[in-house]
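Reviewing the structure listed below.
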Amino acid sequence: MLSGTTLFRSTVEADLDRLLDCAVDEPISWADPDRLRSFLETGHYRHDRMWVAEQDGRIIARAVWWGLPDGDSPLALDCLWVHPSVPDRVELAAELLRHAHKGYGDAPAYHVFVANGWRDDPEVTAAIDWRWRAGALAGLTDELERLRYEWTRGTPVPEASDRLVFRAEDDDEVFVEAFSRVAVGTLDHHTRQALATTDPEAQAREDVEDYRSMPGDRGWWRLAYTPDGDLVGVALPSANAGGPVVGYLGVVPEHRGHGYADDLLGEITRLHAERGAERIVADTDAVNVPMARAFERSGYHNFAVRLVLSAPSDPLNA
Ligand SMILES: CC(C)(COP(=O)(O)OP(=O)(O)OC[C@H]1O[C@@H](n2cnc3c(N)ncnc32)[C@H](O)[C@@H]1OP(=O)(O)O)[C@@H](O)C(=O)NCCC(=O)NCCS
């Protein structure tokens with residue numbers, strides 16, 4: 001099949017029909033025709049963020065990145081497909097990614113959604129295996145598994161905490177200080193990785209700015225205190241383009257191990273539920289076991305898994 005020269009390029013409008021014909025038949029998330037069309041319309045996908053390998057006028061591989069419509073560069077690889085007739089799809093996919101990374105000057109993380117229990121499904125593990133090998137050859141070597149949780153209306157709303165007092169706080173600097181305290185000893189991969197190269201206060205300030213830039217209302221953010229005024233943690237209900245999300249919560253190290261994660265998550269859930277949320281979504285790293293357990297105790301259901309493959313120094317890999 002790989003007879004002629006292979007051309008690697010970003011796509012143009014005239015490629016659309018052929019792009020829509022690239023069909024992934026493996027049980028993982030992919031840029032299916034509906035998603036491709038609607039994200040091209042919203043600008044989350046763009047032709048300069050889709051790359052193809054072409055041979056004799058045929059598309060034999062396709063990679064699709066996602067980004068903010070007005071963002072400077074793509075944020076995540078969403079889909080990687082190689083025609084089944086290609087003998088070495090790992091090498092071809094890796095070459096395609098290398099060309100695109102060169103064009104972007106960056107190697108965005110690859111995010112794939114799979115069903116729970118994916119390790120027991122040979123079709124899913126095979127689909128992940130060749131993509132992960134291709135990603136690794138193109139510099140994406142850092143693997144992370146995140147559990148996706150959802151709370152849906154009808155699930156009991158947690159009672160208000162009877163041991164913590166929650167307060168809104170207008171001063172971002174107070175949140176910066178609280179963020180840098182709860183980051184100590186975190187099990188969250190993104191924060192641990194960021195703290196390896198960034199000063200804790202600068203990192204906390206960056207995180208506060210990132211949460212401010214989300215569609216959720218800044219006025220929803222809460223600090224949690226003991227009745228005698230000792231800071232226990234932060235609770236940041238938020239939202240993304242898909243709707244309400246848990247956002248962020250954390251307990252300062254000296255108050256860990258008392259189940260306060262449940263009180264903070266309960267407050268976030270109650271605040272969203274009171275505003276009429278039908279569904280609240282959250283992700284946490286599979287290795288962040290105390291957080292995953294808190295979700296499970298608080299009426300959240302683990303509905304899927306997000307696998308992330310990133311370049312080791314990529315701070316956006318979570
Ligand atoms: C995740 C987090 C909120 C859990 O808070 P918590 O109120 O201490 O949780 P729990 O009391 O339910 O803890 C359950 C157990 O995990 C342990 N634990 C909690 N956090 C831990 C940590 N960061 N590292 C190691 N063990 C931890 C507790 O000591 C307790 O152990 P025990 O059962 O032996 O007593 C807290 O670790 C934290 O703030 N982490 C940093 C921020 C973060 O990861 N947020 C979630 C991002 S999605």
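Order of listing sets the numbers, starting from 1, for every ligand and every atom in it. Remember, it's a predicted structure, so these values are computed and weren't measured experimentally.
At a heavy-atom cutoff of 4.0 Å, ligand 1 is contacted by the side chain of N288 but not by its backbone. Residue contacts with ligand 1, taken as heavy atom pairs separated by less than 4.0 Å, involve H258 solely via the backbone atoms N, CA, C and O. Contacts with ligand 1 closer than 4.0 Å are made by side-chain heavy atoms of R297 only, the backbone lying farther away.
Annotation: M291 places no N or O atom under 3.5 Å from an N or O atom of ligand 1; distance criterion only. For a threshold of 3.5 Å applied to N or O pairs, the pair formed by V251 and ligand 1 contains at least one separation below that value. Residue Y260 has at least one N or O atom closer than 3.5 Å to an N or O atom of ligand 1.
Of the possible polar contacts, one joining the T155 side chain to the T152 backbone as a donor-acceptor pair under 3.5 Å is found.
In terms of protein heavy atoms, atom 48 (S) of ligand 1 is closest to T284 OG1, 3.5 Å. Of the protein's non-hydrogen atoms, the one nearest atom 45 (N) of ligand 1 is L249 O, 2.8 Å. Among protein heavy atoms, atom 29 (O) of ligand 1 sits closest to G257 CA, 3.6 Å. Scanning all protein heavy atoms for the shortest distance to atom 16 (O) of ligand 1 gives P290 CG, 3.4 Å. In this structure, atom 42 (C) of ligand 1 lies nearest to the protein heavy atom Y248 OH, 3.5 Å. When hydrogens are left out, the protein atom nearest atom 40 (N) of ligand 1 is R256 NH2, 3.8 Å; that is the closest non-hydrogen contact. Annotation: atom 9 (O) of ligand 1 to nearest protein heavy atom, A261 CB, 3.9 Å.
The ligand atoms of ligand 1 that sit less than 4.0 angstrom from a heavy atom of G250 are 39 (O). Below 4.0 Å from some heavy atom of V182 lie the following atoms of ligand 1, by number and element: 41 (C). For ligand 1, the atoms sitting less than 4.0 Å from at least one non-hydrogen atom of G185 are 22 (C), 23 (N), 24 (N), numbered in the order shown with element in parentheses.
Salt-bridge check for R146 with D188: passed, with a basic side-chain N closer than 4.0 Å to an acidic carboxylate O. Salt-bridge check for E91 with R133: failed, with every basic side-chain N at 4.0 Å or more from each acidic carboxylate O. The residues E296 and R293 are annotated as not salt-bridged, no charged nitrogen and carboxylate oxygen being separated by less than 4.0 angstrom. A salt bridge links R218 with D172; the closest basic N to acidic carboxylate O contact falls under 4.0 Å. Taking the charged nitrogens against the carboxylate oxygens, R9 and D15 do have a contact shorter than 4.0 Å, which makes a salt bridge. Using a cutoff of 4.0 Å between basic side-chain nitrogens and carboxylate oxygens, E54 and R18 are scored as salt-bridged. Between E173 and R205, at least one side-chain N (NZ, or NE/NH1/NH2) sits under 4.0 Å from a carboxylate O, which counts as a salt bridge.
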Walk me through it: do W66 and H111 pass the test side chain to side chain contact (heavy atoms under 4.5 Å, CB included)? CA-CA 10 Å; W66 180 94; H111 292 237; over 6 Å; no
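With 3.5 Å as the limit, one finds a donor-acceptor pair spanning the side chains of Q203 and D207. No donor-acceptor contact under 3.5 angstrom links the side chains of R163 and Y260, judged on distance only. The closest side-chain donor-acceptor pair between N302 and E150, if any, does not fall under 3.5 angstrom.
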Side chains of residues 231-254: which donor-acceptor partners sit under 3.5 Å, not counting sequence neighbours?
residue: N240; atom: OD1; partner: G242; partner atom: N; Å: 2.8
residue: N240; atom: OD1; partner: G243; partner atom: N; Å: 3.4
residue: E254; atom: OE2; partner: R181; partner atom: NH2; Å: 2.7

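By the definition of a contact as any protein heavy atom under 4.0 Å away, atom 31 (O) of ligand 1 is not in contact. The presence of a protein heavy atom under 4.0 Å from atom 2 (C) of ligand 1 is ruled out. In this structure, atom 11 (O) of ligand 1 has a protein heavy-atom contact shorter than 4.0 Å. Note that atom 34 (O) of ligand 1 has no protein non-hydrogen atoms nearby, at separations under 4.0 angstrom.
Among D263, L187, V252, T186, the residue whose heavy atom sits closest to atom 25 (C) of ligand 1 is L187.
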